[in-house]
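All remarks here apply to the structure that follows.
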Amino acid sequence: MLDLDFIRSNPDKVKKAVQNKGEKANLDEVLKLDTARREVITQLDNLRARRNKASDEVAQLKKSGQDAKAIITEMKTVSADIKRLEDEIKSVEDKLQQLLRWIPNIPADDVPIGIDAKSNLEVKHWGKRAEFSFAAKPHWEIGSNLGILDSETATRIAGSGFILLKGKGARLERALINFMIDLHTQEHNYCEIAPPFMANRQSMFATGQLPNLEQDMYATKEEDMFLIPTAEVPLTNIWRDTPIPEDDLPVYYTAYTPCFRRESGSYGKDTRGIVRVHQFDKVEMVKFVQPKTSFDELEKLLSDAESVLQALGLEYRVVKLSTGDMSFASAKTYDIEAWAPGLGRYLEVSSCSNFTDFQARRGNIKFRDKNGKLKFVHTLNGSGLALPRTLICLLETYQQPDGAVEIPKVLQPYMDGVTAIKHS
RNA sequence: GGAGAGGUGGCUGAGUGGUUGAAAGCGGCGGUCUUGAAAACCGCAGUCCUGCUUAGCGGGACCGGGGGUUCGAAUCCCUCCCUCUCCGCCA
């Protein structure tokens, strides 16, 4: 959500942002409603002031035993007018809020302008391309050959687009989660959280999943709750409607959660393997920071996510997303894409964004500054990392001619010292 | 799922339908006193919206959310949400 004040005084910037992000938002109507709103408020407040005054007079008259009929009769019509204006203001504000929800965050100045991923900008490359003396296999072949990945069974249990890991495969998943969480808590100062995996409508609105992505989420029928599509939702909502003590800033949280996504409309994309699934594990990082520092914090967040790939020895590149490719709520986003040799392409394993005060405004997340004033924080989040795709890159990068997969050194302590997953 | 109790300021906790933005206590901030601190005493303190002659001054709203009754609602009525206690069920 943007500040109405900002929209009013910078309509051109907002218009440009809407356009560059490929969103549809009725800005002219917003400005019109904003004016109407303030006009009605002025009238309404004047009438209310009159009523308050009269109310005191009635009280005084009654106290001294005098007749107040005249005022009461007069106030009947005033009250009727107030009620009419209250209905009007409610309808105007409802419409305004409705439209405001669809206005995206303003992209930062250094974000490349473009309608889609074609305008993204590669800003960094790390690691050497893995070379193979044989034809590198895709992960689903490696996984099923080793008996650690069983998609058919997952399909029987839940349907297509679900993963079942087995034996060392399941263990590897758990090892990755533990390794990542330990790295972020021990090296990068994040506080570990184990949050709810479901969230209510208000939480989903605060982080920006609603209203845009309602169809992409799994919802419960009876309770109007949603399965979280990312830990960003519960983590960011920890401070919703709750001022953060300034001394606590910056606040860093990390959490492992499963993520649930319907992926409706993505049929035909990534149907093989586990690149795109309905449920996947992810370690997420979320930050609440002082507004001035948020873009620096984004760079740090990015490097925290990168350090996972570096430790695992996986080749990757960092891409700065263009206006059209980044999310509705983001001001600036970096994607990290790791190389999957078997697939022969990069996979997005992390997305690190600065939401500036966009989510904070929606979720009323504030801190008290030195002068005692409440101000919106800036929020950021980044995957650190998404598991199935990291697992894909790992299996495909460390596959051996005999079908075994070597385990990177940093993970071995998390695997009881296992150095490779071999055919059993 | 059944029965009951309750949601008031940063916290605890009062509040006969009419100067109640709201007593009191704690905590907080500023001061007096003190070499310093504590204690004591005095004073200040909420959020949001809006207007203007915008370091300020007005006005309005806010006592879980929404609706209703009334000239007037923290107070009465309806409804939803949440918390707590007991029973049942259950990892």
Side-chain angles (χ1 to χ4, degrees), chain A residues 1-9 30-101 194-206 210 219-226 234 237-249 251 258 288 357 359-377:
Chain A
M1 189 102 67
L2 293 180
D3 184 14
L4 243 180
D5 229 28
F6 177 85
I7 297 174
R8 195 183 306 138
S9 39
V30 166
L31 293 170
K32 228 173 81 189
L33 285 169
D34 171 53
T35 307
R37 170 176 171 271
R38 283 179 298 142
E39 273 168 13
V40 176
I41 282 177
T42 305
Q43 292 177 43
L44 187 56
D45 282 356
N46 286 340
L47 286 179
R48 279 169 167 167
R50 219 173 122 199
R51 184 179 67 182
N52 287 344
K53 217 168 162 193
S55 201
D56 283 350
E57 284 167 26
V58 171
Q60 289 302 323
L61 288 175
K62 291 219 164 175
K63 209 178 251 175
S64 57
Q66 289 175 273
D67 181 49
K69 274 224 170 65
I71 301 180
I72 288 176
T73 312
E74 191 198 341
M75 281 308 115
K76 269 189 183 171
T77 62
V78 171
S79 280
D81 286 344
I82 288 175
K83 181 161 277 177
R84 186 174 49 76
L85 287 176
E86 278 174 346
D87 288 346
E88 195 177 328
I89 196 71
K90 193 173 175 302
S91 127
V92 168
E93 285 189 333
D94 281 354
K95 277 186 210 148
L96 188 58
Q97 285 305 315
Q98 210 54 42
L99 294 176
L100 233 37
R101 291 166 168 233
F197 297 164
M198 299 177 99
N200 58 30
R201 195 166 276 278
Q202 240 184 317
S203 295
M204 289 298 176
F205 175 75
L210 291 178
T220 61
K221 213 172 166 180
E222 311 297 340
E223 284 89 8
D224 196 32
M225 299 215 295
F226 300 88
N237 277 281
I238 286 175
W239 288 103
R240 174 158 58 80
D241 293 324
T242 312
I244 305 176
E246 190 184 25
D247 290 345
D248 287 6
L249 294 178
V251 174
F288 303 82
D357 61 0
Q359 292 181 328
R361 187 165 272 116
R362 292 182 149 223
N364 188 30
I365 307 170
K366 293 180 167 177
F367 72 101
R368 204 173 284 281
D369 73 4
K370 294 217 166 39
N371 304 318
K373 282 268 166 232
L374 284 171
K375 290 203 169 132
F376 290 112
V377 295

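The chains referred to below are lettered A, B, ... by the order of the sequence lines, with proteins before strands, and numbering in each begins at 1.
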Quick one: salt bridge (Lys or Arg N to Asp or Glu O under 4.0 Å) partners of [X], sequence neighbours excluded?
X: A:D248; value: none
X: A:K32; value: A:E29
X: A:K90; value: A:D94
X: A:E88; value: none

Considering every strand and a 4.0 Å limit on heavy-atom distances, what is the contact class for [X]: base, sugar-phosphate, or nothing?
X: A:R201; result: nothing
X: A:K83; result: sugar-phosphate
X: A:K366; result: sugar-phosphate

With sequence neighbours excluded, tell me which residues meet side-chain contact (heavy atoms from CB on, under 4.5 Å) with [X].
X: A:S79; result: A:R51
X: A:N364; result: A:D241, A:K366, A:F376
X: A:I238; result: A:I193, A:L235, A:Y253

Roughly how many Å apart are [M] and [N], using the [atom1] atom of each and rounding to a whole number?
N: B:rC77; M: B:rU70; atom1: P; value: 16 Å
N: B:rU79; M: B:rA3; atom1: P; value: 14 Å
N: B:rC11; M: B:rG64; atom1: P; value: 13 Å
N: B:rA37; M: B:rC48; atom1: P; value: 34 Å
N: B:rA22; M: B:rG46; atom1: C1'; value: 12 Å
N: B:rC80; M: B:rG7; atom1: C1'; value: 14 Å
N: B:rC62; M: B:rA74; atom1: P; value: 7 Å
N: B:rC81; M: B:rG67; atom1: C1'; value: 14 Å

Give a yes/no answer on whether the side chain of [X] brings an N or O atom under 4.0 Å of OP1 or OP2 in [N].
X: A:R37; N: B:rU50; answer: yes
X: A:K62; N: B:rG18; answer: no
X: A:S79; N: B:rG72; answer: yes

Length of the [atom1]-[atom2] vector between [X] and [N], whole Å:
X: A:L47; N: B:rG51; atom1: CG; atom2: P; result: 17 Å
X: A:R38; N: B:rC48; atom1: CZ; atom2: P; result: 18 Å
X: A:K375; N: B:rC48; atom1: NZ; atom2: P; result: 12 Å
X: A:K373; N: B:rC48; atom1: NZ; atom2: C1'; result: 11 Å
X: A:L33; N: B:rU50; atom1: CG; atom2: C1'; result: 17 Å
X: A:D247; N: B:rG28; atom1: CG; atom2: P; result: 15 Å
X: A:D241; N: B:rG10; atom1: CG; atom2: P; result: 13 Å
X: A:L374; N: B:rG10; atom1: CG; atom2: P; result: 10 Å

Given B:rU50, B:rG18, B:rU69, which nucleotide is nearest the side-chain atoms of A:T42?
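Output: B:rU50.
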
Ranking A:D87 and A:I71 by the position along RNA chain B of their nearest nucleotide, the one closer to 5' is A:D87

Relative to the 5' end of RNA chain B, which residue comes earlier, A:Q60 or A:E93, by the nucleotide with the nearest heavy atom?
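Here A:Q60 is the residue nearer the 5' end.
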
Between the protein and nucleotides 62-67 of chain B, which nitrogen or oxygen pairs come in under 3.5 angstrom?
none

For RNA chain B, report each stem as range with range, ordered by first number, or say none. Use Watson-Crick or G-U wobble pairs under 3.5 Å, at least 3 in a row.
B:1-7 with B:81-87, B:10-12 with B:24-26, B:28-32 with B:40-44, B:46-52 with B:56-62, B:64-68 with B:76-80

Which residues share a side-chain hydrogen bond (donor to acceptor under 3.5 Å, both in side chains) with A:D369, sequence neighbours left out
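side-chain hydrogen bond (donor to acceptor under 3.5 Å, both in side chains) check on A:D369 returns A:K375.
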
Which residue pairs pass the side chain to side chain donor-acceptor pair (under 3.5 Å) test when at least one of the two sits in residues 36-50 of chain A, sequence neighbours left out?
A:D34-A:R38, A:R37-A:E93, A:R48-A:E86, A:R50-A:E74

Scoring nucleotides 55-61 of chain B by protein non-hydrogen atoms under 4.0 Å (B base, S sugar-phosphate only, - none) yields ----BSS

Show your working on side-chain contact (heavy atoms from CB on, under 4.5 Å) between A:I82 and A:L44 and close with a plain yes or no.
CA-CA 6 Å; A:I82 288 175; A:L44 187 56; 4.0 Å; yes

Does A:L33 offer a backbone N or O that forms a donor-acceptor pair with the side chain of A:T35 under 3.5 Å?
no

Tell me, with the steps shown, if A:S55 and A:N52 meet side chain to side chain donor-acceptor pair (under 3.5 Å).
CA-CA 5 Å; A:S55 201; A:N52 287 344; over 6 Å; no

I'd like to know if A:D81 and A:R84 make a salt bridge, using a cut-off of under 4.0 Å between side-chain N and carboxylate O.
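The answer is yes: the pair qualifies as a salt bridge.
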
Do A:D357 and A:V377 have side chains that get closer than 4.5 Å, going by heavy atoms?
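In short, these two side chains do not touch, never coming nearer than 4.5 Å.
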
